[in-house]
Q: 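Please read through the structure below; I'll follow up with questions.
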2 protein chains.
Amino acid sequence: MSKASEQAYAKIRGFLLGGTVQPGSQLTEEQLAEVAGVSRTPVREAMRRLETEMLLVRSPSKRIFVADWSRDDIDEMFTLRQMLEGHAARRAAERLTPAEIDRLEEVNRELHEAVDGDTPDIVRFLDANRVFHEAITEAAHSPRLGQVLAMLVEQPVVLRTARQYSAEDLKQSARDHDELIAAFRAGDPGWAKAVMGGHLRRAFHTFVSADENGADGD
Amino acid sequence: MSKASEQAYAKIRGFLLGGTVQPGSQLTEEQLAEVAGVSRTPVREAMRRLETEMLLVRSPSKRIFVADWSRDDIDEMFTLRQMLEGHAARRAAERLTPAEIDRLEEVNRELHEAVDGDTPDIVRFLDANRVFHEAITEAAHSPRLGQVLAMLVEQPVVLRTARQYSAEDLKQSARDHDELIAAFRAGDPGWAKAVMGGHLRRAFHTFVSADENGADGD
DNA sequence: AGGCCTCCTATTGTATACAATTTGCCTGCG
DNA sequence: CGCAGGCAAATTGTATACAATAGGAGGCCT
């Protein structure tokens with residue numbers, strides 16, 4: 001994606017997830033063009049992408065609205081992630097070279113450092129977490145799988161989940177990754193898939209329990 | 001998608017899968033605009049979609065080429081379909097109402113009629129088959145799942161597979177659907193998922209064995 | 001003669017003007 | 001008073017002109 005389109009995508013996404021717009025409210029291409037600081041053409045491309053990610057929805061008459069994510073939507077997202085990233089972990093276990101596993105371990109050391117102290121560094125955690133998961137997806141060597149996951153994994157949801165994690169939750173996350181690495185070293189696809197599944201399902205429950213307590217991040 | 005964009009999508013797709021263009025060859029937006037009979041703007045939208053379906057690929061410098069589908073690509077597509085449509089079948093088994101199952105049965109009667117005679121009607125088969133699978137995906141009530149499958153299920157591949165089916169293969173396909181319906185009536189998600197998995201995996205093997213025999217349709 | 005630099009061309013990216021469609025209102029008629 | 005019809009405004013869709021960028025060819029210097 002090219003400069004202006006990418007910028008439009010990033011800005012509009014930030015705009016949508018910043019919490020200042022109400023789900024269900026209508027948006028126009030022109031408004032979004034102003035938000036992004038570019039013309040309608042690249043905005044339309046960004047909108048297409050945001051539509052496939054279901055952050056925007058279209059009325060039958062092609063008008064655009066801010067999507068309203070229900071608990072079922074979140075559940076659906078995590079369920080599909082569990083299935084697809086579980087599959088990715090399985091394939092990765094069959095394909096990862098020792099050197100690549102070393103690299104994963106290094107990333108996870110970084111993640112450990114971010115959360116093992118007294119005051120966890122969420123930003124560092126998120127970054128290492130993203131790199132870790134992306135590396136596994138990459139190692140699955142399945143381009144369609146990668147593409148589908150890229151569209152499914154809404155980092156803002158991951159962020160919101162991570163902010164609800166207790167210090168202990170964060171450490172458990174790091175330990176899940178440790179176990180994943182152990183499964184990779186053992187070359188055990190079933191183990192890898194199972195650990196990944198549990199890891200993501202727990203994330204889902206952390207997310208919804210925080211949500212049910214009337215949370216909003218801060 | 002709007003008139004010109006939709007038309008561009010359909011025409012370009014037909015152009016790509018018509019076999020007259022060579023995988024790996026470069027295409028320009030202007031060429032495709034001419035093929036589609038519209039301007040570059042809607043063509044660009046269609047191209048985006050064809051990129052996500054991986055019928056087109058982009059070079060690092062944003063130039064566009066006809067994708068070259070390897071056996072592994074086909075395998076990957078069927079594997080993901082098996083996983084996701086299996087999931088859809090499971091969810092459908094938990095949700096389908098008796099009336100909806102009746103409707104499925106009706107569609108499959110049409111499919112039976114298309115293949116049970118001496119000279120199978122492939123077009124009728126394909127149409128009923130598509131409706132049948134789409135109805136199941138719809139019944140899963142999972143919008144993201146539906147979207148991902150829409151992007152994964154390349155009807156032209158389905159067509160090519162169907163043309164390689166023997167009369168007996170076609171009848172077996174119809175019988176698979178019968179069994180799926182039985183699983184739905186029984187409300188047995190595991191059964192539904194298993195049948196769907198086998199159904200699609202067999203389709204994959206029909207496809208590749210035909211492919212390996214140096215086939216191309218006609 | 002070979003390699004590098006530059007200019008030209010081909011191609012994609014963006015903006016804007018214009019066309020088509022839809023919505024909501026307002027008026028007029030029953 | 002309510003409903004239908006149509007008009008006007010808002011919004012999305014398409015075409016085209018222009019800008020930016022990448023690739024390739026040709027000439028120049030060593």
Side-chain angles (χ1 to χ4, degrees), chain A residues 1-16 18 20-68 143 147 150-151, chain B residues 1-16 18 20-68 143 147 150-151:
Chain A
M1 237 172 174
S2 187
K3 197 177 155 224
S5 296
E6 191 65 47
Q7 177 181 334
Y9 173 76
K11 287 213 177 184
I12 294 170
R13 184 173 171 134
F15 176 66
L16 292 176
T20 63
V21 285
Q22 201 166 357
S25 56
Q26 184 179 354
L27 298 174
T28 68
E29 295 181 352
E30 211 160 359
Q31 268 178 269
L32 294 177
E34 193 166 356
V35 168
V38 297
S39 83
R40 278 177 53 213
T41 310
V43 163
R44 283 173 66 86
E45 304 210 343
M47 277 171 39
R48 284 300 191 77
R49 196 163 152 197
L50 291 163
E51 257 180 89
T52 68
E53 290 171 4
M54 299 202 180
L55 294 176
L56 293 176
V57 293
R58 275 183 124 77
S59 77
S61 63
K62 315 291 184 182
R63 276 165 172 69
I64 299 145
F65 301 85
V66 180
D68 190 5
Q147 190 167 333
M151 153 184 149
Chain B
M1 237 173 177
S2 189
K3 198 178 156 222
S5 296
E6 189 65 46
Q7 177 180 333
Y9 172 75
K11 285 212 178 183
I12 295 170
R13 183 173 171 136
F15 175 66
L16 291 176
T20 62
V21 285
Q22 202 166 357
S25 55
Q26 185 179 353
L27 298 172
T28 68
E29 296 181 351
E30 211 160 0
Q31 269 178 269
L32 294 177
E34 193 167 357
V35 168
V38 296
S39 83
R40 277 177 53 210
T41 309
V43 163
R44 282 173 68 86
E45 303 210 343
M47 277 171 39
R48 283 301 191 77
R49 197 164 153 195
L50 291 162
E51 257 180 272
T52 68
E53 290 171 2
M54 300 202 179
L55 294 176
L56 292 177
V57 293
R58 276 183 121 78
S59 77
S61 64
K62 314 292 184 184
R63 282 169 168 67
I64 299 146
F65 301 85
V66 181
D68 191 6
Q147 190 169 332
M151 155 183 147

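A, B, ... follow the sequence lines: proteins, then strands. Residue 1 opens every chain. What's counted below: heavy atoms across the whole structure, side chains too, no hydrogens, waters or symmetry copies.
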Q: If you compare all heavy atoms of A:Gln26 against all heavy atoms of A:Gln31, which two are closest, and at what distance to 0.1 Å?
A: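 Where A:Gln26 meets A:Gln31 most closely, the heavy atoms are O-OE1, 4.0 Å.
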Q: Holding to side chain to side chain donor-acceptor pair (under 3.5 Å), I want the full list of residues that pass it with B:Ser59, two or more places apart in sequence or in another chain.
A: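 Expected list: B:Ser61.
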Q: When you check every protein heavy atom under 4.0 Å of nucleotides 10-22 of chain C, what one-letter string (B, S, -) results, 5' to 3'?
A: -SBBBBB-----B
Q: Dump the intermediate steps for side chain to side chain contact (heavy atoms under 4.5 Å, CB included) on A:Met54 and A:Met151, then the final yes or no.
A: CA-CA 9 Å; A:Met54 299 202 180; A:Met151 153 184 149; over 6 Å; no
Q: Taking atom CD of B:Glu34 as the centre, does the number of heavy atoms from other residues, nucleotides or ligands within less than 6.0 Å exceed 12?
A: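 At most 12 heavy atoms, drawn from other residues, nucleotides or ligands, come within 6.0 Å of this atom.
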Q: Can you tell me which residue among B:Leu55, B:Leu50, B:Leu16 is in a side-chain contact (heavy atoms from CB on, under 4.5 Å) with B:Val66?
A: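 Going through the options one by one, the only one that passes is B:Leu16.
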